[in-house]
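So that the names make sense, note that chain A is the first sequence line, chain B the second, and so on, each numbered from 1.
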Amino acid sequence: MSTIERPIGRLFADPASAIGQKAIIKGWVRTRRDSKAGLSFVHVSDGSCFDPIQVVVPNSVTNYHAEVLRLTAGCSVICRGELVPSQGKGQALELQAESIEVVGWVEDPDTYPIQPKQHSFEYLREQAHLRVRTNTFGAVARVRHCLAQAVHRFFHARDFYWVHTPIITGSDCEGAGQMFRVSTLDHLNIPRTHDGKVDWDQDFFGRETNLTVSGQLNVETYACALSRVYTFGPTFRAENSNTSRHLAEFWMIEPEIAFADLATDAQLAEDLLKSIFTDLLHERQDDLKFFAERIDKGCIERLEALVKANFERMDYTDGIKHLQAAEAKGVKFEFPVEWGMDLQSEHERYLTETLVGRPVVLMNYPKGIKAFYMRLNDDERTVAAMDILAPGIGEIVGGSQREERLDVLDRRMDEMHLEKAAYWWYRDLRRYGTVPHAGFGLGFERTIIYATGMANIRDVIPFPRTPRNAAF
RNA sequence: UCCCCUAUAGCUCAAUCGGUAGAGCGGGCGGCUGUUAACCGCCAGGUUACUGGUUCAAGUCCAGUUGGGGGAGCCA
């Protein structure tokens with residue numbers, strides 16, 4: 001008989017074909033329970049699925065007393081034996097071990113940071129190198145992977161090309177927040193020009209460079225040649241944001257489509273979210289079940305509802321009217337509602353959670369609160385921008401139709417006192433075969449929060465970077 | 001950056017008005033059991049985040065520092 005070696009998730013997915021097979025299981029011990037009937041139950045996880053496999057170790061194995069009885073959480077093992085139907089409750093399949101080899105001991109079980117009990121997420125953040133061995137963080141990691149794969153599948157199936165926009169950017173024109181400088185200059189001896197300013201000409205790139213805050217401007221150039229493109233990669237913001245929804249390093253999905261308007265853009269965003277959540281519901285039932293049981297009771301229903309429901313389309317101006325009507329009926333907001341203001345968190349929450357109860361696509365914002373590149377509407381007061389607000393997290397998508405008319409773009413840049421020379425290549429797109437185009441940014445971690453019900457964004461990325469924290 | 005809360009055993013938390021620092025889990029040892037975050041007994045485990053102050057006496061009160069959390073702003 002041949003011996004099979006497969007991820008535990010594969011065995012659980014098809015127990016019928018696994019039973020009766022000789023198998024090798026490699027993984028880490030979660031728990032051990034001993035029976036005086038002459039055997040030990042060792043739960044072993046290889047991370048391939050939510051549940052560990054139960055390895056039944058009889059005391060006839062040669063190292064039973066010397067090693068098996070000393071196994072603690074975290075030990076790495078290789079188990080050989082036969083896959084059999086379980087005699088106990090709680091699992092259909094288990095490994096009847098014929099041998100178990102301890103590859104790595106936990107040198108001091110008393111201080112092993114991941115004990116078989118509930119830990120606080122705050123504590124586990126300080127153990128980021130080991131926290132993925134817990135149920136919650138293993139599940140988050142698998143969900144994160146599943147959603148990332150689903151994003152690529154969605155775009156690939158629709159003939160979008162994935163564009164690798166740069167991480168280091170020479171442009172200082174993105175305007176999406178504070179940037180991290182990239183430099184090889186000696187901080188203790190910074191070269192200066194004769195008028196006392198930093199001499200960037202002596203830096204690595206011969207100019208000032210930063211980590212990207214968005215791939216949008218770069219990916220627009222590819223959209224104006226390949227028609228349908230997207231970026232999916234890390235972005236960086238040096239904002240001093242201390243909230244459960246912000247990271248200094250996060251991942252963003254930014255599609256950009258040529259010959260497209262705002263309505264097309266919003267539909268693409270809605271289709272994307274529905275598609276990736278549909279895939280998640282199919283592929284990670286085990287992990288979602290855990291999130292529903294232990295993290296957020298309604299997370300599966302929320303995903304199922306989102307996949308079915310149409311997103312509400314609402315003009316910014318109508319949103320303001322709804323908020324003012326709510327005020328008239330006695331709803332109290334901390335910040336006053338008036339046309340022209342940016343919506344506060346409390347306003348977004350009211351619209352998506354209280355008024356509509358579904359994701360809301362809010363469109364056509366006043367130009368004064370939006371970026372220069374967003375297309376000016378015919379009313380000259382608003383721009384073709386849209387945000388998608390989701391219950392529980394607020395803004396999950398921000399997008400717009402881009403200004404394709406050079407004269408209007410220049411006028412907007414002048415209004416906002418931007419230096420046009422710095423945007424020469426961006427303006428070139430409007431000089432050579434310009435075309436209406438649109439795109440949006442979807443925060444990947446916020447998407448994971450929405451799917452899992454995890455409360456803090458620091459717990460849905462492996463090694464979170466936040467102000468004063470880059471320990472791992 | 002602003003407001004509020006918070007820091008006690010490896011972990012999760014107690015400790016009344018300022019008066020001898022305790023439990024559960026985890027760990028070690030033993031018992032019991034085809035067990036399921038098992039159960040029963042015993043044992044070990046502490047410079048109460050740090051610095052300073054008030055007091056006969058500080059885990060407890062005050063000030064500062066650092067870490068953590070929640071909310072706001074910025075945004076994805």
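Picking from B:A72, B:G10, B:G69 the nucleotide with the shortest atom distance to the side chain of A:Tyr123 gives B:G10. Listed nucleotides B:G71, B:G69, B:C75 differ in distance to A:Arg125; the shortest reach to its side chain belongs to B:G69. Nearest nucleotide to the A:Glu126 side chain, out of B:G68, B:G10, B:C74: B:G68.
Base pairing of B:C2 is made with B:G71, judged by Watson-Crick or G-U wobble geometry with both donor-acceptor distances under 3.5 Å. Across all strands shown, B:G18 forms no Watson-Crick or G-U wobble pair with both key distances under 3.5 Å. In this entry B:G28 has B:C42 as its Watson-Crick or G-U wobble partner, both defining distances falling under 3.5 Å. B:U66 is paired with B:A7 under the criterion used here, namely a Watson-Crick or G-U wobble arrangement in which both key atom distances are under 3.5 Å. Searching all strands for a Watson-Crick or G-U wobble partner of B:A23 with both distances below 3.5 Å returns B:U12. When both pairing distances are held under 3.5 Å, B:U36 makes no Watson-Crick or G-U pair with any nucleotide shown.
Rounded to whole Å, the distance from CG on A:Leu124 to P on B:G69 is 12 Å. Between the P atom of B:C11 and the CZ atom of A:Phe121 lies a distance of 17 Å, rounded to the nearest Å. Rounded to a whole Å, the CD atom of A:Gln178 is 12 Å from the P atom of B:C75. If you take CD of A:Gln127 and P of B:G68, they are 14 Å apart, rounded to a whole angstrom. Between A:Asn240 atom CG and B:C75 atom C1' there is a gap of 14 Å when expressed in whole angstrom units. We find that CD1 of A:Ile457 is positioned 12 Å from P of B:G70, with the value rounded to whole Å. Here the P atom of nucleotide B:C75 and the CZ atom of A:Arg245 are 12 Å apart, to the nearest Å. The distance between atom CD1 of A:Ile369 and atom P of B:C74, rounded to the nearest whole Å, is 10 Å.
Taking atom C1' in both B:G45 and B:G10, the straight-line distance is 9 Å, to the nearest Å. B:U55 sits 16 Å from B:U60 when the P atoms are compared, rounded to a whole Å. Atom name P, nucleotides B:A38 and B:A21: the rounded distance is 34 Å, in whole Å. Only the P atoms considered, B:C5 is 23 Å distant from B:A9, to the nearest whole Å. Between B:C74 and B:C62, the two P atoms lie 34 Å apart (nearest whole Å). B:U65 and B:G18: their P atoms are spaced 26 Å apart (whole Å). On the C1' atoms, B:G69 is 24 Å away from B:U51, given to the nearest whole Å. B:A58 and B:C43 are spaced 31 Å apart, taking the P atom of each and rounding to whole Å.
If you check every strand for non-hydrogen atoms under 4.0 Å, A:Asn456 touches sugar and phosphate atoms only. Looking at heavy-atom distances under 4.0 Å, A:Ile396 makes contact with sugar-phosphate atoms alone, never a base. Using a 4.0 Å heavy-atom distance criterion, A:Arg349 is classed as a sugar-phosphate-only contact. Nucleic acid contact for A:Thr243: base, since at least one base atom lies under 4.0 Å from a heavy atom of the residue.
In B:C17 the O4'-C1'-N dihedral to the base is within 90° of 0, which defines a syn nucleotide.
Rounding to the nearest 0.5 Å gives a distance of 4.5 Å between CZ of A:Phe236 and CD of A:Glu249. Rounded to the nearest 0.5 Å, atoms CZ (A:Arg144) and CG (A:Asp287) are 14.5 Å apart. Taken to the nearest 0.5 Å, the CH2 atom of A:Trp251 stands 8.0 Å off from the CD1 atom of A:Ile461.
With respect to A:Glu98 and A:Lys22, a salt bridge is recorded, a charged nitrogen being found less than 4.0 Å from a carboxylate O. Between A:Arg349 and A:Glu346 there is no salt bridge, since no side-chain N of the basic residue sits under 4.0 Å from a carboxylate O of the acidic one. Electrostatic pairing of A:Asp286 and A:Arg284 counts as a salt bridge here, judged by a charged N lying under 4.0 Å from a carboxylate O. Residues A:Asp296 and A:Arg302 are paired through a salt bridge, judged by an N-O separation under 4.0 Å between the basic side chain and the carboxylate. By the 4.0 Å N-to-carboxylate-O rule, A:Asp261 lies too far from A:Arg375 to be salt-bridged with it.
Regarding contacts with the backbone of B:G68, a side-chain N or O of A:Asn469 is found under 4.0 angstrom from either OP1 or OP2.
Both A:Glu334 and A:Glu122 lie close to RNA chain B; mapped to their nearest nucleotides by heavy-atom distance, the more 5′-ward contact belongs to A:Glu122. Along RNA chain B, the nucleotide nearest A:Pro113 and the nucleotide nearest A:Glu395 are compared for position; the residue whose nucleotide lies closer to the 5' end is A:Pro113.
Counting atom types as modelled, A:Ser241 pairs no side-chain N or O with a base atom of B:C75 as donor and acceptor under 3.5 Å. Side-chain atoms of A:His119 and base atoms of B:C11 include no donor and acceptor less than 3.5 Å apart.
Ring centroid separation for the pair A:Phe137 and A:Phe121 comes in under the 6.0 Å cut-off.
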Summary of protein contacts for nucleotides 26-40 of chain B, nucleotide by nucleotide, where a base hit scores B, a sugar-phosphate-only hit scores S (4.0 Å, heavy atoms): BS----BBBBBBS--
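For A:His164, the NE2 atom counts as densely surrounded, since its 6.0 Å shell holds more than 12 non-hydrogen atoms of other residues, nucleotides or ligands.
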